[in-house]
Structures are given as structure tokens and as C-alpha cells.
Amino acid sequence: MAVRADLSVRFQQSNEEILYQSDALLSSIDDTDYDDLEESDTPRDPSRRVFQSSKANINALVWFVRILLVASVLTCLVLSKLTIIKILADLHVLGEYNDSCKPPDQSDQSFDPIQAKHKAANLYWMLFFIVMIPNLISWIRTVLSGLLSKSPRRPWPKLTALLGCIAIAFLEAVAECFLFFYILITFPPALSILLMCGVYSTQSLVESFYGIYYMCYKATRGNNEYSSIDGIGSLSPRSPRYRCLIALILVAGFLCQTSGLASITVFLANAYNGSKSGTDLLGLVLVIPCLVVLSFTWSGRLQKRTFAPSEKSKDKARVVMLKTGQAKELNTIARWKASFIATSVRLLTYPFLSYCIFKFMYKLQNGHEVDPWAIPKGESIFYAFNWSGHYISVFAVHVVASFLAYALSRLACYMTLHVFGLALPVLLATPISLCIYFISNSPASIEGHNINLFPFQTYDAPLLDFNTIFCSSYVHYAFGFSFLLWVGQTLVAGVNLFRFKNAILASDEDMFVRPYYNSALLEQFLAINRVVSHKPQVMTDGRRESCRVFVCSTMFRENAKEMRQMLRSIRRISKFFRKDQNIFKYQYESHIFFDGGCREDDLSQFAIQLMSLLEDTLGIKLRNATKQKTPYGYRFMWLIDNCMPFMIHLKDNHKVRNKKRWSQVMYMKFILEHLEKQDKFDLSNTFILTTDADIDFKAESAVVLLDMLARDPQVGAVCSRTHPLGSGPIYWYQVFDYAIGHWLQKSAEHVLGSVLCCPGCFSMFRCSALKQCLPTYSTEVSTALEFLMKDMGEDRWLCTLLVENSWRLEFCAISNDKTYCPLSFDEFYKQRRRWIPSTIANLWLLISKAGKVTRRNESVTWAFILYQIIVIISTIISPATVILIISSGLSTSFNFNPTAVIVLIGLVAVIYGFICIFTSQKTQLDIAKILTFIFSIVMAAVVVGIIKETVQDILSPFQVLNETTSQYEYEFHIERGKLPIAESTIYISLFAIVFVTAAILHFFEGFALFQCLWYLLGLPSGYLLLLIYSTANLNDRRWGTREAADKSEQSLFSLFKETVKYIADKFMKKEPKPPEVKKEVEKDTRESEVSCKEGMGLEGPGIEPDHDLPQKKYFWLEKWLEKNDSLIFYDKFAKEGFTEEWCVAKMSIKDLESIGVRPIGYIHHLDKAIKKLPISHLEPTIPKSVEEWIMYLKMDSPEDDYVQKFHAAGYYGEGDVENLAHITENELKNDIGVKKRAHVKRFMEGIQRLRMKDEDEEKMSKARQILELTNDHPNKPLDDDELEFWNEMVATTLRPIPDHLTQASQLRSDLKYLRNYTLIAMFLINLMWLILISIFTFSELTDLGLSANFLGLLFLAVYGILISIQFLGMIVHRVVTLSHYIARLNQFLPVDHTATQSAFHTRSAV
């Protein structure tokens, strides 16, 4: 592979100077670099100026989010701490702890033991639920994500880890119960706030030890957990000064923690000396051991040891990851199942321990014990839960605030805003809580009235002075030295919280040690539970240290505008990565695989069109190309901007298979088998960005896809948000269709399990995932169902294979791309004819293998499978649903009989189904257009009727009782057994709310909602006619879009026109030519039908040359036929004018049949020879005279004398050249006298080219000239290894096989059978649904005492559940999308703002 090696050398040389991944500020991305790539005829986009993102605007947005996070998390943490202090303080007041510290005159007040016991029991249960609720939430999470998961990546812990997990969980429960149900109750509330900081005692010791260890042994411990953190100022994380500074801070924190605990113990021991209650001293004795034990059990390093998986689970996971190519990313831990065990132990331990400690250690003022579980006689079982409204609010505030603080801090780390969403709130919560506590318990005198400044006052009466809170000087000292605990916590926690920075969109296990939170000690737990771990090859900002991305595009017959925008997108990638100021080993290269790009040594018109655009779009010279002849055709190679390899692979469809799937197989095998073997790159760190040839995207959109792939090695592919391009009603319909598909369907799939289709137009795939699926993806079609899955929807089938093989697919909404959608009715129907059956077939395959898939893929659950079943059911009954909507609307608007409407529309649907079975595609589409127009008018009336019905339903319960000139009196009345609002009204209202909310959440795309009107008008066409058309054409094997027009199909209108003309001519007594009804034969099955007639060419009429023709004088034809052993057909070729290379090269099998080539073996033999001939194309031109035009067409032979024939027909002057463009084929044959088939085709082609060249055609002419010059230079050969690879691949996978040598006839038969079976099944299902709905709608359910529409409620439930699931999934996905967007802005990484610009385009369309 000498040429590729040469490119690699040039690539590596430029790699030292040029950059491949940008982490520069967004302001450094200058959009003006791309202005020169815009089309000259395209007006400048006004949204480019309006939404030009400046550094100031981005900083303002980021700082707004930062401040909002600090305020929100800090508020929640303070509320959580104050509410639990309120509960502890009230228990302190009720108990016999240090009477001198009670509020004034508290001991003199009358004491009600019964009321005190009831209040203490209530406070106990509040504390109990405060401790239990986080554990219960965590237990549910671990059950769903751990216990029920059969994934080998979530194993059980080994025996020693399991025993350690149980022991640690038990110790944690014991320490926490002693701390909150006894110890902290004995201390003054202000002191309890600071004592909570003592939980960091053991943590400070451990961190100090490791800080000193890493400082002293840096040389032997270069790769440690601190290697992924940021430095401080100008100090590098690996510098000795940095390590020394960190170690000093950690040691200082440990000393502060130790000094604080020791000082508190000494001073409080003196304060409690001589106390009447011995419980004070016991609490003092237990406080330090409990804090130390709790700190020990929370240690992240200790907890990680309990996550050690069993060897059996580890081996099983290793086998699975080896199969998926992730062996280098093997990091299996038993985190979820170990957390399930620990949470279960705590849930079982808390009730017993908390009860025993509180009952036997807590005493009221009168010395009585409190039994919180006791129920007095005559009281209900809920006696203990008879809380006052004040305590209910305290409890609710604590539970909600704690959960929100945990969720928001987790979200902040997810967005890499850990400093503002976690570090600052955690460090500031304690001092702010103390300040609020003192303010809350101090009177403010305003006009002689005492006013409490904070609702969480701890005592029933405010405390008057500081000495009341701290009843002795020793307590003063203890309180003062207790600040050392907070200082130590700040130093130790601050070092970790400020330094550690996780990757963008990091998973929970990469941000926190345990999937759990402790609401009683929330800020301390969040700080200790914080951890940072990075996936292999992933840096702290979420980018990969090095990776390789192949941009692979498939191309067929795109026009110049579409090709141009795709090439611009590739240029954007090259320019984008040149801006990076930090050199990383990112390698990007682009490949275009062109179907039908060449024919032997001749390039196709579309390939030349692509070549002509390269210089203007990519800035590369066509003459600088490295040209190589390959077993599949040709390859051209360049370097874009001297850094990015760019290759065009031109496929010869007579050497290798055509169509998109086989192009994908080509580049996948080339990358995954040949290049991987040659370059030895890591497949799990190599990606393929698949694009269509008409795609428009920015480099930022490609980069953000890597974030999703970096965060989870189990993600096999990521797709982006696709925006359609175009204009007109069909485009408007698709704008809303695309929006709903991404807003609801893809978002729901992403959240519930896995996206089921990452379209090949713009998605990024992990190479290790593709390699696992490639052997199956490159298999032949053997059954009808396989044909629908593989050849009609290759992108969806590839994604189905990925999901089957345990990969998860995701949807990234901040990545945007634009693609041209079908703009004509026919193109739209043909595209959806492929999409609908393919979607249903792949969903059916997934559901049929649900058991296997749910076992192998942890992302796919039975709930997700059930959701897909609902989707299929709703799709199948959509025709009946549309009929019911029309029936309901017409009966309301015009009082039509709904049964008659249902029958009428049903008959129309059935008749259209028969039309689709027995007529041509053209006729089917013509009829569909007529019906679409009629149904659009009907739907307009239906919309009015629905609005009318909705208003009536809303007002129907209100009955007018008294009507006067001045006022009305109403009574709300609902008839028994009926709903106050009809089911249809509920259904429509639900959809309206969902769509409007979706549009608001997608603010910059919300203008798509205005296209809902076109969507409603096209509802019968999209969900009734289109489904029938798709089902009735299951046996159609054509691709449908971007194909040459099939002239064998005659339009319904043209046939009608010819018939009318025939009758009129007959009536006028002329001799008309009967209308020719052309045979309706499918294009791609025509060859095989010939083979069915005559077998393998052994039958057929004899071959007799025509001796009446002159002797052989066409030397090229004679030589060519002789070379192909077919000289016996010389006369037949000459008779129809196929005498020169330029006309023979364009012959088809139909032409060979028409001139009389027999038998079938010769037809296929000559067809193969013809396909090797170069094709000459006529360029547009306007000659000066008819003679010059005939000479240009090479039709000036004296034998035919066409110049004289044209003169005789009136075309002889210079002014008659422009009239040539009006000549029809019939006039050419009948009036001018051109009879030979080849000559007719040549003249008609010349007539179509009678025009001036446009700009693109001028470029094509220049490109063709340059390419002709390059043909004179010798092609650089492939190296031996690559040549062997391509030869083997062509022989085993890509070799084109004629239909008559395959099971094509059996496949056609199977497809017809499947079509008939599917049509019958769909007809019966929809008929049954219509009948049942009609019966239950128009009859009373008197036996049940109901007159409501029972099946209507069922219908509402099915669709309501579906839309509700999608709606909730959309909300969750919007949070993820916003987090991703903010995370990239916070890291100053670029983000694509296509969505904001699309809003302008859509607004203009509206």
C-alpha cells in the first residue's frame, strides 16, 4: 500500500504542526473561515448574525447557571440541616439533659407527661423516616439496576467482600442510630451542627497518609488517581511543589479535626462534671467513637474493597467484553449488588436499633422512658403519626430539600460544575446554618414586639442571650474549638472537591462511590462519597486522549447542490481541528464510496460532477490526486489542508454489488479488517462517522457525539437531531414529522432503553461494536422478511444487530445535521414504502427475540419491549384510527351518519388496496394524490368538527337554569355512567398539551409546531393511504428514490389522454393509432422474468442472419462481435443502427431483446460485454446550424442522409436550431423518418441537450478534461496486502450475482405471499377494531349501568399510555441535553447552534 503509506507519512508530518481536536474557547472558532464555502447563489443566513455566539454571551450563560446551582444546592443543604436540628433541639428540650441549659422558666412550667410522650414519639418517627427514606430510595435503585440486572458487568461481590459489606453496613447503622437517636440530642443544637463536621476525622487521617505517601514516592507511583486532576495556578499536578502543598493541606486538616474533637471532649467533660443526669456523660463518651466509626465506614477506599467481584463473574465479564472488543476497558465491579446488600442490611437494622436506643436511653424531664411503638388504649394504629401541621412541614421540607440537594449536586458533577454545585455549597452550609440558627433564636424588637426571623426556631420560646444557649464557660470554649472541626473538614474536603474534575456526562459510578445519600449528614456524606474515575483513553474534560475517526459517506445520484453541502461539511472538520492549540493525537480521514461511479475506465457523469466540486469546496486540486485502479473500480486520494486524508472510492457496479448496504460493508471491512491489521489501532477507541451524500453538518456536531461514546464503553452508536431541508407542502409535513419523531420517539427510546435506529445520514459508530455485527450484516437475503430488514432498511437492521449484541444506542440532541427530504409526493411515498415495512419487520424481530435480548443487553428490559409492542399495535390500527377520527368529525360538523362514513371510507381504502395490487406504481401514486387532495378537504372539515365537539363537551355539564337579560344561572350536571368530557376530547387535549409542551422545551425548534396544520390535513394520507401503499408493495424490490425514470410504466393520466385522443380521432373518421398500453413490469425483476421464460439460454428460436442487408462495413461492430463470439448478430445490430461504440455502450437487455438477439444465453453474454464499454456523454450545446448539430451527434453518415431528411421536414436554416428542442419522439419517427432504434435514442438525447451550459456543467467539462489528462499518467498500484484483501472481498462478499443465479424467483414469490398475508391480517385487525368501536359507541352498556364508551376508554388508555411514556422520556432527555450543553460551555468547548438557526428557517417557511 505504497500510496497510502506515502499519505500516512505526510499525515504524520503535518500531525506535528496541525491540530485535530479543539478545546480552545468558543470565541476562537471563527465562522468567517467558512464563508468562502457558501454557495454564490445562496443568500447569507440572517440567523448567522443574530445567533453568533460571543464569549461574553457564553460566559454570562455559564455564570448564570453556576450562580443558580450554588444558590439552589446551598439552600437545600441549609434547609436540610436546620430541619433536622429543629427535631433534635425539640427532643433536647423534652429530655432531661442539663437543666441549666433549658429556656427561661422552662423547668417551672407545668409538665404534661402524656403530651410530652406523644410529642417525643412523633419526633422519633420523624427521625426514623428521615433515616429510612434515603435508604429506601437507594434500595429501589439497586434492585432495578443491580439485583434484576443479569448483565455480567454487574456481578455479585466475592465472599470476603460480601462479608465485609455486611459488617460495614451494620457498623454504619449502629453508629448512625447512636448519633441521631441519642448522642446529638444530648448536646446543644449549635454544638451539634459543628459536631457533624467530625465525621471527617478518619477521612482526614487517610487522606493525609496518602498525601504524604504520594509526595515521598512520586518516582515509583507516577500513574495514580491524582494524575487526572488539575493543578493549582502554575503548578502541575505532577510537580513536587504541588504534591508538597497538597500534603501540607491534608495534614493541617487532620490536625484540625483531631484538635477539635479532643478540645470538645475536655471542655464538655468539665461542663458536665456534677451533672444530675449520667446520660450527659455517656453521650460525651460515645460521640467520638461514633463519629470515627461513621467516618471509617464511609471511607471511599474501604467501600471500594467491598465492590470486588467474584472470580466467576469476572471471567464471565471478560469473555463478554472480549467478544465486544472492550477487553482494554474491563473494569467490572460489584458496586450495584454490593450496594443492594448494604442497603438491605441497614433497612433491617435501623428499626430495631433505633427503637432500642431511643426507648432505653432517651428520658423525659420527669425521668420517664418513651416507647415510640406503644399505642395508648383507645387510639388508632396511626396515633404516632398524628403530627401537627408545623412538624409535617418540617419533615416534608427536610425530605424534599435533602433529595433535591443530592440530585442537584449529582447534576452539577454531571455538567462538570462540581465547584459550584458541590464544593462551595458543602463548605458553606455549616457556617450559614449556624448564622441562621443564631438569628432564628434571637428576638428582634420592632416597636416593642418580638419577631422571629426564621421559621425553624428550635425552642417554643426564643432564647434571650448567648449564655442561655451555652450554659457555662466550658461550653463556650467547646463551641469555639468545635470550629476546628469545620476548618478541618474544609481543608480536607476542599482539596478533593476543588481538584477532582470528572468527564462530561460521567456516569454515577464515575462521580460517587455509592449510589446512596444520607439526608441526616448530607453535606458530609456528599463530600466523602465524591470520587473521580475516568474511562480508559478519556481525559478530565470528557474528550479522548487519542482516537481515530473515519468519516464514511455513501453516494449515488445526488445533484450538485447536495454534493456541495456534504463536501463543505468535510472541509469544516478539517478547518475545525486546525484551530486547536493543544496537540492531541486525533486522526480524522474521510472516505466517499460512490455507487456506479465508474464503468471500467470511464467515470460516470455523477462522479465527474463530484470531482468538479472538489476545488471550490475542499480546496484541493484535481490534478494532484493519487489515482489507483482497484478490484472494485478506482480510488482517488488527496490531503485536505495538508492534514486530513480524503479518498473517493468509485465502484464499478459490474465488478461489485451496488446499493447502500454493500457500500457500508465495503468501508466497514476495509477499516475493521485491513486497516486495523495494518495500523494496529484500538477498535474500541476508533469510530466511524456515517453520513449521506446530501448531509450538512458542522464539525462541532461531530465532536459532541464523542462525548456520549466516551462516557460509557457500552454505547455502540450515537445519532444526532436531523433537520429536513426543502420547501413546499411535502416538506412542511415532514418538518413536523421529523420533530415529533425526535422530540418524543427517539427521546423515549433513549431514556427507556436504547435507540433502535441510528440513521446512516449522520451517526457515529464504535468500531468494536461494528466488528461484532459485521459478519451477520454482510450476509445474503434468503427470506422475504430478511429482504425487508436488510435491503429495505439497512440502517435500522444494523442497529437491531447492535442491540442484540448487548450494545446501547443513544440520541444526542445538541448534535445537529440537515438533509434534503423528498419534495415530491412520489418520492415521499416511495421513501416511506421502504421505511415502514423495514421498521415493523425490525421491531418484530426484536420482540420475537425479547428473551435473548433482555438477557444479553442490560439496557433492554421487558418494560422497553412492552413499549415497543404498544408502538406496533398503534401502527397497525392507525388506518382504523384515522377512519374513526374522520367519522367523528363529520358527524359532529355536518350530522353525517357515522356508520355510513366508516363504511364509505372503508370501501375507499379497500378499493385503493386492490388498485395497489393490480396496477402500476405510477397509477397507484396518481390515485393516492387524488385521494390525498380529497381527504385534505375532508380533514379541514373534521378539524372544525373536532373543535366544535371539544367546546360542546366542555360546556355540556353546565346547564342553564335561569336566563334573564342581565345574567345566567348554571348548574353543573353529569349524567350517571358518563364521563363529563368525551374520550376524543380528552385524547385531543392530551396530544395538544404534549405537543405544545414539547415545542416549548425545544424552544429554538418550536416553530415546527406551526406545521401541525399540514400534518393534520395529511393525516389520512400518511396513516391510511401510505400504510396501504407500503403493505401492498412489499414485493417491490426497487429502491424507489434517486433512480432513473422507468419509462415502461405509463401514467394513468397519459393513458387516459391517449384513449380520449383515440376516440376523438375515430369519431372524426381519421385513422388513429390505438393507444399503446405499456407492459407494467417492475424494473429490477425484468431480467429474471426473461430467464424464467427461456431458462439458461438453451432454448429459443434459431439464429439466421438477414441476407438482404449489405455486406459488413461497420468495422468496429464486426470486430467487437467477433471478439465476443457473437458475429451472427451483426445484421441485427446494423439493422437498428447499433454500429458504433457510443451507441452500443448504452444498450440494455431490453434493446438486445428488441433487435432479436436469441437465445437468452447470448443476451446475458453480450450484456456483460456491453457493460465493459466506456460511455460517452453529450454535453449541452447550441450549434449554429442543423448540419453542425447532426455532425456533433455523429449522425452525418451518407447512408442515412439525415441532413436531407431534416431539411425536408423544414429544419434547414440557422433560426431553426431552436425549434429542434420541440421535436417529439413520434415526430422524429413519423415526420422526419428516423427509424433505427439507436438513432432515435441518439437524436432524443441530443434534443434534450440543446441548451447552454450552466456553471456546474462548465466545471464538469473542465474536470473531465483534467481527468482525461490524468489517464495518460500511470496509475500507482496497490500494495500486495491491500490488493489481496480487495480481491478476496470481491470474490467472497461483493461479487455481483445475476438474479437467475440466485433465489430471486423464490424471493419474489415469498414477498407476494407475505404481502397478501399482511394485507389480509391488517384488513381483519382494522375491521374488527372498527366494528367493536362502532358497537360500543352506538349502544348503551345498560347491563353494567354505564353508557360511557368502554372501548373508547381502552383506546384512550393505549394511546394515552404511549404518549405519556414518550412525554416523560422527552422531559428526562431534555434535562440530559441541557446538561450536556452546559457542560461543554463550562469547559469552553464548542457547541453547534444549528437549532437556533433552524428556528429562523422554519419561521421563514411559516
Side-chain angles (χ1 to χ4, degrees), residues 550 552-558 591-596 649 651 653 656-672 688-695 716-719 722 754-767 769-805 807 809 817 819 822 830-846 1030 1033-1034 1036-1043 1084 1289 1293-1294 1296-1297 1302 1307 1311:
F550 295 89
C552 298
S553 311
T554 56
M555 189 171 287
F556 183 39
R557 288 182 173 176
E558 284 72 18
H591 297 259
I592 296 178
F593 285 77
F594 205 123
D595 253 323
H649 306 257
K651 292 170 54 181
N653 290 347
V656 294
R657 298 188 181 190
N658 63 337
K659 293 193 176 180
K660 181 179 178 180
R661 180 162 75 97
W662 298 109
S663 294
Q664 292 177 329
V665 169
M666 283 182 66
Y667 66 65
M668 287 179 189
K669 282 184 173 288
F670 177 61
I671 295 169
L672 304 180
I688 295 178
L689 178 64
T690 63
T691 75
D692 279 350
D694 61 345
I695 203 70
V718 183
C719 62
T722 301
S754 172
V755 172
L756 295 182
C757 181
C758 291
C761 66
F762 190 75
S763 297
M764 189 170 288
F765 293 83
R766 193 187 300 272
C767 285
L770 291 176
K771 188 170 185 178
Q772 189 180 4
C773 304
L774 185 56
T776 307
Y777 187 66
S778 57
T779 55
E780 299 285 346
V781 171
S782 58
T783 65
L785 191 62
E786 285 187 359
F787 169 76
L788 297 180
M789 290 187 300
K790 297 180 180 181
D791 287 349
M792 291 290 101
E794 66 288 331
D795 295 333
R796 182 171 285 271
W797 186 52
L798 176 60
C799 294
T800 302
L801 291 177
L802 291 172
V803 173
E804 283 186 27
N805 287 277
W807 294 94
L809 314 181
D817 66 272
T819 184
K830 289 177 181 178
Q831 183 194 67
R832 298 305 170 99
R833 172 184 61 79
R834 292 185 289 110
W835 286 8
I836 293 175
S838 170
T839 300
I840 296 177
N842 278 278
L843 285 178
W844 179 257
L845 176 66
L846 184 68
S1030 301
N1033 287 279
L1034 286 179
D1036 189 352
R1037 298 171 59 199
R1038 287 175 292 184
W1039 190 253
T1041 55
R1042 300 190 188 279
E1043 289 185 341
D1084 62 347
M1289 185 177 174
T1293 307
L1294 299 177
I1297 303 175
T1302 64
L1307 180 61
L1311 284 171

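Count residues from 1 along the sequence.
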Under 3.5 Å donor-acceptor, [X] side chain and [Y] backbone:
| X | Y | value |
| --- | --- | --- |
| R661 | Y777 | yes |
| E558 | F556 | yes |
| D694 | T819 | no |
| S838 | W835 | no |
| D795 | G760 | yes |
| K790 | W797 | no |

Checklist entry - For R833 and D1036, what are the C-alpha separation, side-chain angles and deciding distance, and is it a side-chain contact (heavy atoms from CB on, under 4.5 Å)? => result CA-CA 9 Å; R833 172 184 61 79; D1036 189 352; 3.7 Å; yes
Next on the checklist: If the condition is ring-ring contact (aromatic ring centres under 6.0 Å, His included), which residues does F787 pass it with, not counting sequence neighbours?
Outcome noted: none
Checklist entry - Can you name the ring-ring contact (aromatic ring centres under 6.0 Å, His included) partners of F593, sequence neighbours left out? => result H649, Y667
Checklist outcome for this item: By side chain to side chain donor-acceptor pair (under 3.5 Å), D692 pairs with (sequence neighbours left out) K660
Looking at every heavy atom in both [X] and [Y], which two are closest together, and how far apart are they?
| X | Y | value |
| --- | --- | --- |
| F765 | C758 | CZ-O, 3.8 Å |
| L802 | L770 | CD2-N, 4.4 Å |
| L774 | L672 | CD2-CD1, 4.1 Å |
| E794 | Q664 | CG-OE1, 3.6 Å |
| L845 | T800 | CD2-CG2, 4.0 Å |
| N653 | G596 | OD1-N, 3.1 Å |

Item to check | Option among C719, S763, C761 that satisfies the side chain to side chain contact (heavy atoms under 4.5 Å, CB included) test with T690 | outcome: S763
Checklist outcome for this item: With I840 as partner, the option from L843, N842, I836 fulfilling side chain to side chain contact (heavy atoms under 4.5 Å, CB included) is I836
Quick check for you: to the nearest 0.5 Å, what is the distance between [X] atom [atom1] and [Y] atom [atom2]?
| X | Y | atom1 | atom2 | value |
| --- | --- | --- | --- | --- |
| I695 | D817 | CD1 | CG | 4.0 Å |
| F594 | S553 | CZ | OG | 11.5 Å |
| D791 | E780 | CG | CD | 9.0 Å |
| K669 | K771 | NZ | NZ | 10.0 Å |
| E786 | T779 | CD | OG1 | 6.0 Å |
| C552 | I688 | SG | CD1 | 5.0 Å |

Going by heavy atoms in the side chains, are [X] and [Y] under 4.5 Å from each other?
| X | Y | answer |
| --- | --- | --- |
| L756 | C799 | no |
| T554 | D595 | no |
| M792 | L1034 | no |

Next on the checklist: Test side-chain contact (heavy atoms from CB on, under 4.5 Å) on W807 and L801; report intermediate values, then the result.
Outcome noted: CA-CA 9 Å; W807 294 94; L801 291 177; over 6 Å; no
Item to check | Side-chain donor-acceptor contact under 3.5 Å, K651 with S663 | outcome: yes
